[in-house]
Amino acid sequence: DKGLQLAIEDLQSHGYLTAKLVAKNVFPRKPNRVDIIIQVIEGEQTLIGEIVLLGFQYITRQQVLELLKIEQGQPFNPFGIEDGMQRLQNHYFSDGYLEFHLITPEEKIIEFTENNRTAKIQLEVQEGHRVKVGEIKIHGLERTSRVVVEREIKIKKGEWWSGSKTQDLETKLRRLG
């Protein structure tokens, strides 16, 4: 039954939002064999309609669409939208937009037509200011030499904050012990 649920979710991820299992029949045939007949109703496929993007200045409309992995006229994937929103947020955070947030209320992000044939997607964001690195201070060293730690720091005062550089630094410092 878990496999059937995954099959239904796969159909839903391809725009068949009302897909459902209608019947499942198991017919014993020979010893150690059964035939399984599954009846599924796909329903109508929901496609992405209008895409409204507001507040984006740092990246282009095309970059936003690529991060969200959506395109007008393509099947609507409700699971993909959530993943895409996470990719979008990670992209901004990684590039130093630590105050980036979605303004559109969650219930307004996706609006369906009356017959669920199209999904309008609307995102309004506030990018916030891009953050630069200020002072870099090292405290609490007991066994590790300050020179060793400074050598590992590839981040410089005055450069744009980078999530990936910060994560790399954290990993290197953890390895030092």
Side-chain angles (χ1 to χ4, degrees), residues 1-24 36 38-133 154-155 159-175:
D1 285 338
K2 190 169 188 166
L4 292 175
Q5 182 58 37
L6 290 172
I8 296 296
E9 288 176 8
D10 184 60
L11 284 169
Q12 291 170 341
S13 75
H14 288 88
Y16 296 99
L17 304 182
T18 59
K20 60 184 172 186
L21 175 66
V22 176
K24 176 180 93 172
I36 302 172
I38 300 167
Q39 186 177 357
V40 174
I41 295 179
E42 291 177 334
E44 296 289 329
Q45 188 177 38
T46 303
L47 302 177
I48 296 173
E50 183 182 5
I51 301 170
V52 179
L53 303 174
L54 304 170
F56 293 95
Q57 296 175 7
Y58 175 64
I59 61 176
T60 67
R61 176 181 176 83
Q62 188 59 39
Q63 289 172 306
V64 173
L65 295 176
E66 288 170 8
L67 286 165
L68 293 172
K69 294 186 179 179
I70 60 172
E71 186 179 330
Q72 191 170 359
Q74 294 299 311
F76 172 71
N77 178 354
F79 311 111
I81 290 292
E82 192 173 316
D83 293 342
M85 292 296 296
Q86 189 62 52
R87 279 189 301 277
L88 183 65
Q89 186 173 23
N90 289 345
H91 178 80
Y92 269 90
F93 285 176
S94 179
D95 282 0
Y97 286 88
L98 305 181
E99 297 172 356
F100 174 85
H101 67 277
L102 184 65
I103 295 174
T104 309
E106 193 172 321
E107 67 275 4
K108 299 279 187 182
I109 293 173
I110 301 160
E111 292 180 7
F112 296 99
T113 56
E114 352 176 316
N115 57 4
N116 279 358
R117 295 284 292 148
T118 60
K120 175 183 176 182
I121 298 172
Q122 181 168 318
L123 296 176
E124 183 175 2
V125 301
Q126 185 169 3
E127 294 177 326
H129 297 287
R130 194 170 182 199
V131 176
K132 285 192 174 186
V133 176
K154 305 294 184 214
I155 301 169
E159 70 181 24
W160 294 114
W161 187 88
S162 166
S164 59
K165 280 186 179 180
T166 304
Q167 192 171 23
D168 290 346
L169 173 60
E170 189 175 318
T171 301
K172 288 178 181 178
L173 292 176
R174 286 184 196 279
R175 277 192 232 138

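Counting from 1, the numbers follow the sequence of the chain as shown. Please read these numbers as outputs of a predicted model, since none were measured by experiment.
Glu44 places none of its side-chain heavy atoms less than 4.5 Å from the side chain of Asn116. Using a 4.5 Å cut-off on side-chain heavy atoms (C-beta onward), Leu65 and Gln72 make no contact. With a 4.5 Å cut-off on side-chain heavy atoms, Asn77 and Asp83 do not count as touching. The shortest distance between side-chain heavy atoms of Gln122 and Lys108 does not fall below 4.5 Å. For the pair Ile81 and Leu68, the minimum side-chain heavy-atom distance is 4.5 Å or more.
A distance of 9.5 Å separates NZ in Lys154 from CG in Leu169, rounded to the nearest 0.5 Å. Between atom CD of residue Gln45 and atom CG of residue Leu17 there is a gap of 9.0 Å, rounded to the nearest 0.5 Å. Glu111 contributes atom CD, which lies 10.5 Å from atom OG1 of Thr118 (distance to the nearest 0.5 angstrom). A distance of 11.5 Å separates CD1 of Ile109 from CD of Glu124, quoted to the nearest 0.5 Å.
Sorted by first then second residue, the ring pair (Phe, Tyr, Trp, His ring centres under 6.0 Å) pairs that include residues 106-130, not counting sequence neighbours, are Phe76-Phe112. Among residue pairs with one or both ends in residues 8-21, those qualifying as side chain to side chain donor-acceptor pair (under 3.5 Å) are Gln5-Glu9; sequence neighbours excluded.
Counting all heavy atoms, side chain and backbone alike, Val40 lies closest to Leu11 at CG1-CD1, 3.7 Å. Here the shortest heavy-atom pairing between Ile110 and Ala119 reads CG2-CB, 4.1 Å. Here the closest non-hydrogen pair linking Leu67 and Arg87 is O-NE, 2.7 Å. Of all heavy-atom pairs between Ile48 and Ile121, the closest is CG2-CD1, 4.0 Å. Of all non-hydrogen atoms in Leu47 and Gly73, the two that sit nearest each other are CD2-O, 3.8 Å. Contact between Ile51 and Glu71 at its shortest, heavy atoms only, is CD1-C, 4.1 Å.
Heavy atoms from other residues, nucleotides or ligands lying under 6.0 Å from CD of Glu107 number more than 12. Around atom CD of Glu159, more than 12 heavy atoms belonging to other residues, nucleotides or ligands sit under 6.0 Å away.
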Please tabulate, for the side chains in residues 90-102, all donor-acceptor contacts under 3.5 angstrom to protein atoms that are two or more places apart in sequence or on a different chain.
from: Asn90; atom 1: OD1; to: Gln86; atom 2: NE2; distance (Å): 3.1
from: Asn90; atom 1: ND2; to: Gln86; atom 2: O; distance (Å): 3.3
from: Tyr92; atom 1: OH; to: Glu127; atom 2: OE2; distance (Å): 2.5
from: Asp95; atom 1: OD2; to: Tyr58; atom 2: OH; distance (Å): 2.8
from: His101; atom 1: ND1; to: Glu99; atom 2: O; distance (Å): 3.0
from: His101; atom 1: NE2; to: Gln126; atom 2: OE1; distance (Å): 3.4

